[in-house]
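The block underneath contains the structure these notes are about, expressed in structure tokens.
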Number of protein chains: 2
Amino acid sequence: MAKHFDTQALDRYFAAMADPTRRAVLERLTQGPASVSELHAPHAMALPSFLRHLRVLEEGGLIATEKQGRVRMARIEARPVRAAEDWLAQLRRQWETRLDRLDALSEALEQTAKGDAP
Amino acid sequence: MAKHFDTQALDRYFAAMADPTRRAVLERLTQGPASVSELHAPHAMALPSFLRHLRVLEEGGLIATEKQGRVRMARIEARPVRAAEDWLAQLRRQWETRLDRLDALSEALEQTAKGDAP
DNA sequence: GAAATGCTTAGCCATGTCGCTAACTATTTG
DNA sequence: CAAATAGTTAGCGACATGGCTAAGCATTTC
């Protein structure tokens with residue numbers, strides 16, 4: 001039942017998400033592709049510093065970029081976001097399944113108690 | 001529509017997830033509470049190093065621990081996992097919404113093209 | 001073709017992360 | 001109470017991360 005996840009990929013995905021600048025870039029990119037300058041504009045940070053964030057996102061496969069003339073355009077990539085979401089969902093489901101079993105168990109015990117009562 | 005997320009909390013959640021040892025601990029804890037030693041056993045790592053991971057998880061609010069005698073028991077916490085999952089889901093939804101609008105737009109353009117044809 | 005634009009590289013610094021060992025404290029247990 | 005058990009604290013070293021400035025390299029644009 002449990003899906004296999006690429007551990008190193010998850011490392012990179014989650015690490016990429018663990019920064020507000022990078023999350024903001026992803027949110028911006030949900031509205032469509034943008035150039036490096038456009039993405040950089042809202043962030044009070046030197047361009048080289050910002051570019052580093054973009055590279056982290058790209059190396060993590062969260063975005064793809066392509067150079068057109070002197071402009072580099074970036075767009076969001078679907079799969080990694082889904083992979084991270086799936087991992088969390090699976091974690092939650094495992095946990096909920098266990099809680100359900102505990103519920104079932106305590107109900108069963110209750111029944112048994114009634115049956116066994118003197 | 002967009003929920004507000006606590007940025008620093010998301011930083012800690014995602015950072016905590018960005019490590020295989022910590023993800024393994026979370027997976028183990030979906031099956032029920034465990035002591036520090038039990039959690040440590042499968043990991044080829046000195047105990048102090050492992051304890052650091054547990055502290056990261058606890059400071060991020062992903063787990064809660066309690067000392068009982070000389071044993072410290074740990075259990076998973078629901079909310080942060082949900083928060084991270086929700087953030088990713090929101091991101092995906094925004095993005096899908098945009099793709100849907102693009103689909104709608106291209107359909108509309110197609111219709112217009114037919115109507116406008118000579 | 002000179003100048004502006006848009007990105008890129010190189011290199012520095014401060015801080016954070018992840019592993020380790022050694023030594024210590026607190027609680028059972030024999 | 002002595003010894004084993006279960007964590008804990010302190011401190012070290014290697015490397016990663018996130019910011020900066022300065023300088024360089026293509027590609028428009030005038």
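All values reported here derive from a predicted model rather than from experimental measurement. Residue numbers begin at 1 in each chain, while the letters A, B, ... track the order of the sequences.
- Between B/S49 and C/dC20, a side-chain N or O to OP1/OP2 separation shorter than 4.0 Å is present.
- Computed from coordinates, the A/L47 CG to D/dC25 C1' distance equals 14 Å when rounded to whole Å.
- Within the structure, every pair that satisfies the salt bridge (charged side-chain N to carboxylate O under 4.0 Å, His left out) test and touches residues 7-16 of chain B, not counting sequence neighbours, is listed here: A/R23-B/D11.
- Summarising the geometry, the separation between CG on A/L39 and P on C/dT8 is reported as 12 Å, rounded to the nearest angstrom.
- Between A/L51 atom CG and C/dG11 atom P there is a gap of 18 Å when expressed in whole angstrom units.
- The other members of the hydrophobic cluster of B/V71, by chain and number, are B/M73 (side-chain heavy atoms under 4.5 Å, ILVMFWY only).
- Atom-to-atom distance recorded for A/E66:CD and A/R72:CZ is 9.0 Å, nearest 0.5 angstrom.
- The side chain to side chain donor-acceptor pair (under 3.5 Å) check on A/D6 picks up nothing, with sequence neighbours excluded.
- When side chains are defined from C-beta on, B/F50 counts as touching B/V25, because their heavy atoms get closer than 4.5 Å.
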Please tabulate the protein-to-nucleotide N/O contacts below 3.5 Å involving nucleotides 24-30 of chain C, giving atom names and distances.
from	atom 1	to	atom 2	distance (Å)
C/dT27	O2	B/R70	NH1	3.1

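- Regarding A/E59, its CD atom lies at a distance of 13 Å from the C1' atom of D/dT17, rounded to whole Å.
- With rounding to whole Å, A/R72 atom CZ is found 13 Å from C/dT9 atom C1'.
- Nucleotide C/dT9 holds its C1' atom 18 Å from the CZ atom of A/F50, rounded to whole Å.
- One interatomic measurement links the two molecules: CD of B/E66 to C1' of D/dA6, which rounds to 16 Å at whole-angstrom precision.
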Could you pull out every donor-acceptor pair under 3.5 Å between side chains of residues 51-60 of chain A and any protein atom, sequence neighbours left out?
from	atom 1	to	atom 2	distance (Å)
A/H53	ND1	A/R22	NH1	3.2
A/E58	OE1	A/T65	OG1	3.1
A/E58	OE2	A/T65	N	3.4
A/E58	OE2	A/T65	OG1	3.1

Pairs: protein N or O with nucleotides 14-18 of chain C N or O, under 3.5 Å:
from	atom 1	to	atom 2	distance (Å)
C/dC18	OP1	B/R22	NH2	3.4
C/dC18	OP2	B/R22	NH1	3.2

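- Judged as a side chain to side chain donor-acceptor pair (under 3.5 Å), and not counting sequence neighbours, A/R70 has no contacts.
- Nucleotide D/dG19 holds its P atom 13 Å from the CZ atom of A/R55, rounded to whole Å.
- Of the candidate nucleotides D/dT21, D/dT8, C/dT21, D/dT21 has the atom nearest to the side chain of A/A46.
- Every residue was checked against the side chain to side chain donor-acceptor pair (under 3.5 Å) condition with B/Q31, not counting sequence neighbours, and none meets it.
- Across all strands shown, A/T21 has no heavy atoms under 4.0 Å from either base or sugar-phosphate atoms.
- Taking A/R75 as the reference, A/E77 meet the side chain to side chain donor-acceptor pair (under 3.5 Å) condition, with sequence neighbours excluded.
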